[in-house]
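Below is one structure, written out as structure tokens, with a few remarks after it.
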Amino acid sequence: MKKSMFHIAVALMASAGASAAMAAVTPEEAARLKADLTPFGAERAGNKEGTIPAWTGGLTKSTGVLDKGGRIPDPFANEKPILQITAKNMDQHAERLTEGTRALLKKYPDTYRVDVYPTHRTAAAPQWVYDNTFRNATRASMVEGAYGPMPKDALGGTPFPIPKNAWEIFWNGQLRWQGESWYVAGNGYQITDTGKAVLVQEGRVQSVAPYFLKNASLDNFNGEYRLVRALNAGPPIRAGEAILGRLNIAEDKTSTWVYLTGQRRVRKLPNACCDTPAPMAAGVVSFDEVEGQPGRQDRFDWRIVGKQEMYIPYNTNRIATPAKDADVVGTQHLNPDHVRWELHRVWVLEAKLKPGQRHTSVRTRYYVDEDTWATVLADRWDANGTLSRMIFTNPVVLPDTPAITTTIGWGTYDLVSGSYYVNNIGNQQKVQYKIVSPPYADTVFTPDALAGEGVR
């Protein structure tokens, strides 16, 4: 069968050595960001069938809600599904479903389904982010870091909008645009294999992205791309706990601290990465499953599998609309009534554990949205070759920013035990999300500030 130039290009990228230092693209290649590619590097055109529309600028009309703080509105509340996929008809749509999604359909044939809605390419950013992305295309490169390749001379936009290998796609996801600074309130639940929802945390999460601050420059940027502080208001046994992270492009410089109420002191975590259980989720998920994004990459060999049209959760603002968390958090899985799926193009990456390395998941396949560079879904296999876990996010469109965020309703299904975890379910919150302007100060994200928040 005759291969298109696109598939040939993907094959060449997949075979390229991921650890090699990569140079920026040429000005001629970068010009595509103002022609056949979107400013972030996605294909601007729709597909031949018209089921994926062309990108025309995204959703940028402000709701006037989130800059003040409030409940997340749903711009597509009146739309109805155009397709429902169940265990009965999933074989007809198998090529557009991840293995994890198919596994859930098989495991819960009577309750789990995929409601597919019309596709809306809502991804957007301010013009200055597009301008920075265009500059990054011709100035950013990949250099060897302590834990694998890392970007150099990238700031304020997608670092590699025309990626040449899996490492560049990985870093596009880590440095994806979600805004400058924001606040999220929501609860985390562990749902046991018997269907009992256990409240694990009542989170109040503050974030700032120094990589995207308007006043940042390459001269004063120290590599810290996200600062996050999560305070726990409950349940009573965990009230007062907190975690602080300062994430750095040079991953050996990333630092994480926790506040322990029993000891009334702040401790630095020695290994806040990889398959280490994450304290804010009571150890139910690992650090490299938080918000769907991969963690430190050095334990794995990475490759590009290809680019595919897939059904993925998207524009899932409807997950935030019910009045109660219990309306969303089901006994076996999230309530399908409140999860919106759409057809989108995704980059498919695969990470395989290197010989001599250790991790609970020896292989992971990531599905990265072409419009935002966010990992939306991921499937994980254990050492026995069993598909054991499915990481999921529920991308929410924020036209007030404008951006798409994966901080709402992310989690992991344990496909072996039947339990699952979901985080930042804020249906019972008056303020689910707030754009913070001016951004949080750097002093908010220090161990001393964390200690000052201690309530027990």
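With His333 as reference, Tyr112 is the one residue of Tyr112, Tyr421, Phe392 to meet the ring-ring contact (aromatic ring centres under 6.0 Å, His included) rule. For the side-chain contact (heavy atoms from CB on, under 4.5 Å) test with Ile304, the passing option among Leu349, Val348, Val368 is Leu349; the others fail. When each of Asn424, Asn187, Asn423 is checked for a side-chain hydrogen bond (donor to acceptor under 3.5 Å, both in side chains) with Gln201, only Asn423 meets the rule.
Taken to the nearest 0.5 Å, the OG1 atom of Thr122 stands 11.0 Å off from the CH2 atom of Trp55. The structure places OG1 of Thr98 at 10.5 Å from CZ of Arg365, a figure rounded to the nearest 0.5 Å. For the atom pair CG (Asp400) and CG (Leu59), the distance works out to 9.0 Å, reported to the nearest 0.5 Å. Taking SG of Cys274 as the reference point, atom NE2 of His359 lies at 6.0 Å (rounded to 0.5 Å). Taken to the nearest 0.5 Å, the CG atom of Asp115 stands 11.0 Å off from the NE2 atom of His338. For the atom pair Asp382 CG and Ser361 OG, the distance stands at 7.5 Å (nearest 0.5 Å).
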Practice prompt. Test Asp442 against Arg246 for salt bridge (charged side-chain N to carboxylate O under 4.0 Å, His left out), laying out the working first.
Written response: CA-CA 10 Å; Asp442 182 271; Arg246 300 183 71 101; 2.6 Å; yes
Discussion item. With salt bridge (charged side-chain N to carboxylate O under 4.0 Å, His left out) as the criterion, how do Asp337 and Arg113 come out once you've worked through the C-alpha distance, each side chain's angles and the decisive distance to 0.1 Å?
Written reply: CA-CA 9 Å; Asp337 291 343; Arg113 70 178 191 274; 2.4 Å; yes
Fill in: Audit row: Tyr314, Asp369, side-chain hydrogen bond (donor to acceptor under 3.5 Å, both in side chains) steps and yes/no
CA-CA 9 Å; Tyr314 215 92; Asp369 171 39; 2.7 Å; yes
Item to complete: Take Asp219 and Ser217 through the side-chain hydrogen bond (donor to acceptor under 3.5 Å, both in side chains) test and state the conclusion after the steps.
Response: CA-CA 5 Å; Asp219 291 334; Ser217 69; 4.8 Å; no
Fill in: Check against side-chain contact (heavy atoms from CB on, under 4.5 Å), Ile162 and Lys164
CA-CA 7 Å; Ile162 306 176; Lys164 303 298 184 182; 4.3 Å; yes
Discussion item. What verdict does the side-chain contact (heavy atoms from CB on, under 4.5 Å) test give for Ile72 and Val396, after you've listed the backbone C-alpha separation in whole Å, the side-chain angles of each residue and the deciding distance to 0.1 Å?
Written reply: CA-CA 9 Å; Ile72 297 170; Val396 168; 3.8 Å; yes
Worksheet item: Can Trp410 and Asn394 be said to form a side-chain contact (heavy atoms from CB on, under 4.5 Å), step by step?
Response: CA-CA 6 Å; Trp410 58 267; Asn394 283 283; over 6 Å; no
Worksheet entry | side-chain contact (heavy atoms from CB on, under 4.5 Å) between Asp327 and Asn427, intermediate numbers included | CA-CA 9 Å; Asp327 293 334; Asn427 299 82; over 6 Å; no
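When all heavy atoms of Ala140 and Pro159 are compared, the pair lying nearest together is CB-O, 3.6 Å. Summarising the geometry of Val266 relative to Pro447, their closest heavy-atom pair is CG2-O, 3.7 Å, with the distance given to 0.1 Å. The minimum heavy-atom distance between Pro163 and Trp347, with the atom names listed, is CG-CZ2, 4.3 Å. Heavy-atom minimum distance, Ala209 versus Gly179: CB-O, 3.7 Å. Shortest non-hydrogen contact noted between Leu33 and Thr38 is CD2-O, 3.5 Å.
Classified by interplanar angle (parallel below 30°, tilted 30° to 60°, perpendicular above 60°), the ring pair Trp167/Trp302 is tilted. Classification of the Tyr413-Tyr420 ring pair by plane angle, with boundaries at 30° and 60°, yields tilted. Aromatic ring orientation, Phe212 versus Trp128: perpendicular (interplanar angle above 60°, classes split at 30° and 60°).
You'll find the side chain of Met150 stays beyond 4.5 Å of the side chain of Glu251, heavy atoms only. Side-chain contact between Asp414 and Val284 is absent, with no heavy atoms from C-beta onward closer than 4.5 Å. Counting heavy atoms from C-beta on, the side chains of Val397 and Pro75 come closer than 4.5 Å. When side chains are defined from C-beta on, Met390 counts as touching Leu377, because their heavy atoms get closer than 4.5 Å. Residues Ser255 and Lys268 are in side-chain contact: their nearest non-hydrogen atoms beyond the backbone lie under 4.5 Å apart. You'll find the side chain of Leu218 reaches within 4.5 Å of the side chain of Arg139, heavy atoms only. Inter-residue side-chain proximity for Glu202 and Asn232 is flagged as met; some heavy-atom pair is nearer than 4.5 Å. No side-chain heavy atom of Phe170 sits less than 4.5 Å from a side-chain heavy atom of Tyr366.
Gln432 places no side-chain N or O within 3.5 Å of a backbone atom of Gln429 that could act as its donor or acceptor partner. Judged by distance alone, the side chain of Glu180 and the main-chain N or O of Ser437 form no donor-acceptor pair under 3.5 Å. When atom types are taken as modelled, the side chain of Gln297 and the backbone of Pro149 share a donor-acceptor pair closer than 3.5 angstrom. At distances below 3.5 Å, at least one donor-acceptor pair connects side-chain atoms of Thr119 with backbone N or O atoms of Leu343. At least one donor-acceptor pair under 3.5 Å links the side chain of Asn165 to the backbone N or O of Glu168. With hydrogens and angles disregarded, a donor-acceptor distance shorter than 3.5 Å links the side chain of Thr133 to the backbone of Thr158. Side-chain N or O atoms of Asp379 include one that pairs as donor or acceptor with a backbone N or O of Glu99 at under 3.5 Å. With Thr375 contributing its side chain and Tyr367 its backbone, the two residues share no donor-acceptor pair below 3.5 Å. In terms of modelled atom types and a separation under 3.5 Å, the side chain of Glu342 and the main chain of His120 share a donor-acceptor contact. For the pair Arg238 (side chain) and Val200 (backbone), a donor-acceptor distance under 3.5 Å is present.
Side-chain contact annotation: Arg176 with Thr406, donor-acceptor N/O pair under 3.5 Å present. Between the side chains of Thr194 and Thr192, at least one donor N or O lies within less than 3.5 Å of an accepting N or O. A donor and an acceptor atom, one from each side chain of Thr321 and Asp74, are nowhere located under 3.5 Å apart. For the residue pair Asp448 and Thr446, no side-chain donor N or O sits within less than 3.5 Å of a side-chain acceptor on the partner. Under 3.5 Å, the side chains of Arg380 and Thr364 contain a donor-acceptor pair of N or O atoms.
Comment: Glu79 does not engage Arg318 in a salt bridge, judged by the lack of any side-chain N to carboxylate O separation of less than 4.0 angstrom. In this structure, Asp275 pairs ionically with Arg299, as a charged nitrogen and a carboxylate oxygen lie closer than 4.0 Å.
Within 6.0 Å of the NZ atom in Lys354, the count of heavy atoms belonging to other residues, nucleotides or ligands exceeds 12. Counting non-hydrogen atoms of other residues, nucleotides and ligands closer than 6.0 Å to NZ of Lys107 gives a total above 12.
Between Phe160 and Trp373, the gap from one ring centroid to the other reaches at least 6.0 Å.
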